Peer 1: 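Attaching a single structure in structure tokens format; questions to follow.
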There are 2 protein chains.
Amino acid sequence: MTYAIAEAAHRSGLSIDTLRYYERIQLIDPPARDSGGRRAYTDEDLVWLVFLTKLRTTGMPIRMMREYARLRHQGVASAGRRKQILVQQRTEVLGRIAELNSCLDVLNYKIANYEQCERDLEEQAPGRLAEASA
Amino acid sequence: MTYAIAEAAHRSGLSIDTLRYYERIQLIDPPARDSGGRRAYTDEDLVWLVFLTKLRTTGMPIRMMREYARLRHQGVASAGRRKQILVQQRTEVLGRIAELNSCLDVLNYKIANYEQCERDLEEQAPGRLAEASA
DNA sequence: ACTTGACCTGGAGCGCACTCCAGCTTCTAC
DNA sequence: GTAGAAGCTGGAGTGCGCTCCAGGTCAAGT
């Protein structure tokens, strides 16, 4: 089973242009072509694409994804380095989540402040207005 | 107490250039100037800067931070809209955290796979090599 | 035969968020 | 009074990750 580029785009969540772009920068191997010279993506291609989108979602720069892709071609010998990249990325993700949680605290604090302000307004006791507008 | 731009940069974690840039695009109000025409940031300026960095960290686009900054000048009347922006951003952050957690699962799965591969190698039973190199 | 639509290529363009630069002024320390 | 550090301005440049475009090919339907 193979997929035309539009279908591969649909299934991977990437755009057609992005698929071609990823190929150009060697994030993905050039897929097979059909008789008319059109790209024909395999399920295997799709699995790799989906994994790439996961790495992208973690914020991994394309440069590093390229390295990972390159290492993959070197087979088992590069497994150590590949694992290292993933472990490093996991650390980044954990850090990022922690960072976001900390920002979430700030947002929640501010929002609570606005809500208190709203309640005060209803009670005609606008004591927190200055605070909320800061 | 006021701070020269270098000190403000240090305390906010932004670069000097970024501080001037934020001023130019009206994310921050032009700070007071000292007798020599140099920027003199107040503690209040710093508080706002730090809050801005929090919003940036959540991934809020500068365009929206600008809107928030603009609304601030309109005082209490804009509190509802400001709260709305923060609530929306909180939703985004929660979504982003969920997304990152899902990617984390993938990373953990892959890493576990590599580790299993390493153990297999030690035991001279390399059955998972193909899987890990995928 | 011909239109239509999906796909092809190489290359240019874009939006974002900075970051850097040249050339100038101003304060501080010696 | 002079050197050096820090700051100023307006504007250009950068890196990233796409995204769009012109001009062409190919295959299927009518």
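Everything numeric here is computed off the predicted structure, so don't read it as measured data. Computation of the quantities below employed the complete heavy-atom set of this structure, encompassing side-chain atoms and omitting hydrogens, waters and symmetry-equivalent molecules. A, B, ... follow the sequence lines: proteins, then strands. Residue 1 opens every chain.
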Peer 1: Nearest whole Å is fine: how far is D:dC16 P from A:Leu27 CG?
Peer 2: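 Taking atom P of D:dC16 as the reference, CG of A:Leu27 is at 13 Å.
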Peer 1: Has B:Asn113 got a side-chain atom pairing as donor or acceptor with B:Tyr109's backbone, closer than 3.5 angstrom?
Peer 2: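 Judged by distance alone, no pair lies under 3.5 Å.
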Peer 1: If I take atom CD1 in residue B:Ile25 and atom P in nucleotide D:dG10, what distance separates them, rounded to the nearest angstrom?
Peer 2: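 Computing the B:Ile25:CD1 to D:dG10:P distance gives 15 Å.
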Peer 1: Treating B:Thr57 as the side-chain partner and B:Thr53 as the backbone partner, does any N or O pair qualify as donor plus acceptor under 3.5 Å?
Peer 2: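 A pair under 3.5 Å: yes.
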Peer 1: Taking protein heavy atoms under 4.0 Å as touching, what does nucleotides 17-30 of chain C look like 5' to 3' if B marks base contact, S marks sugar-phosphate-only contact and - marks none?
Peer 2: BBBB-----BS---
Peer 1: Show me, pair by pair, the donor-acceptor contacts under 3.5 angstrom made by side chains of residues 17-26 of chain A, not counting sequence neighbours?
Peer 2:
from, atom 1, to, atom 2, distance (Å)
A:Thr18, OG1, A:Ser15, OG, 2.8
A:Glu23, OE1, A:Arg39, NE, 2.6

Peer 1: Could you check how far CD1 of A:Ile16 sits from P of D:dG17, rounded to whole Å?
Peer 2: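 A:Ile16 atom CD1 is separated from D:dG17 atom P by 22 Å.
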Peer 1: Quick check: do A:Ile85 and A:Leu71 have side-chain heavy atoms less than 4.5 Å from each other?
Peer 2: yes
Peer 1: Expressed in angstrom and rounded to an integer, what is the separation of A:Glu23 atom CD from C:dT9 atom C1'?
Peer 2: 11 Å
Peer 1: Among residues 89-104 of chain B, which ones have heavy-atom contacts with DNA chain D below 4.0 Å?
Peer 2: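 Those residues whose heavy atoms fall under 4.0 Å from DNA chain D, taken from residues 89-104 of chain B, amount to none.
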Peer 1: Can any side-chain N or O of A:Thr91 pair as donor or acceptor with the backbone N or O of A:Val87 at less than 3.5 Å?
Peer 2: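 Side chain of A:Thr91 to backbone of A:Val87: a pair is present.
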Peer 1: D:dC18 P sits how many Å from A:Gln26 CD, rounded?
Peer 2: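 Rounded to whole Å, this separation is 16 Å.
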Peer 1: Is there side-chain contact between B:Asp29 and B:His73, with at least one heavy-atom pair below 4.5 Å?
Peer 2: yes
Peer 1: Please give, in whole Å, the distance from D:dG17 P to A:Met65 CE?
Peer 2: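 Atom CE in A:Met65 sits about 8 Å away from atom P in D:dG17.
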Peer 1: Which whole-number value in Å describes the distance from B:Ile5 CD1 to D:dA6 P?
Peer 2: 13 Å
Peer 1: Mind calculating the distance between OH (A:Tyr3) and P (C:dC7) to the nearest angstrom?
Peer 2: 15 Å
Peer 1: Between the side chains of A:Thr42 and A:Asp45, is a donor N or O closer than 3.5 angstrom to an acceptor N or O?
Peer 2: yes
Peer 1: Below 30° counts as parallel, above 60° as perpendicular, anything between as tilted: where do the rings of B:Tyr68 and B:Trp48 land?
Peer 2: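 Taking B:Trp48 first and then B:Tyr68, their aromatic rings lie parallel (interplane angle under 30°).
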Peer 1: Can you see whether B:Thr58 engages B:Gln89 through a side-chain donor-acceptor pair at a distance of less than 3.5 angstrom?
Peer 2: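 Yes, B:Gln89 and B:Thr58 have a side-chain donor paired with an acceptor closer than 3.5 Å.
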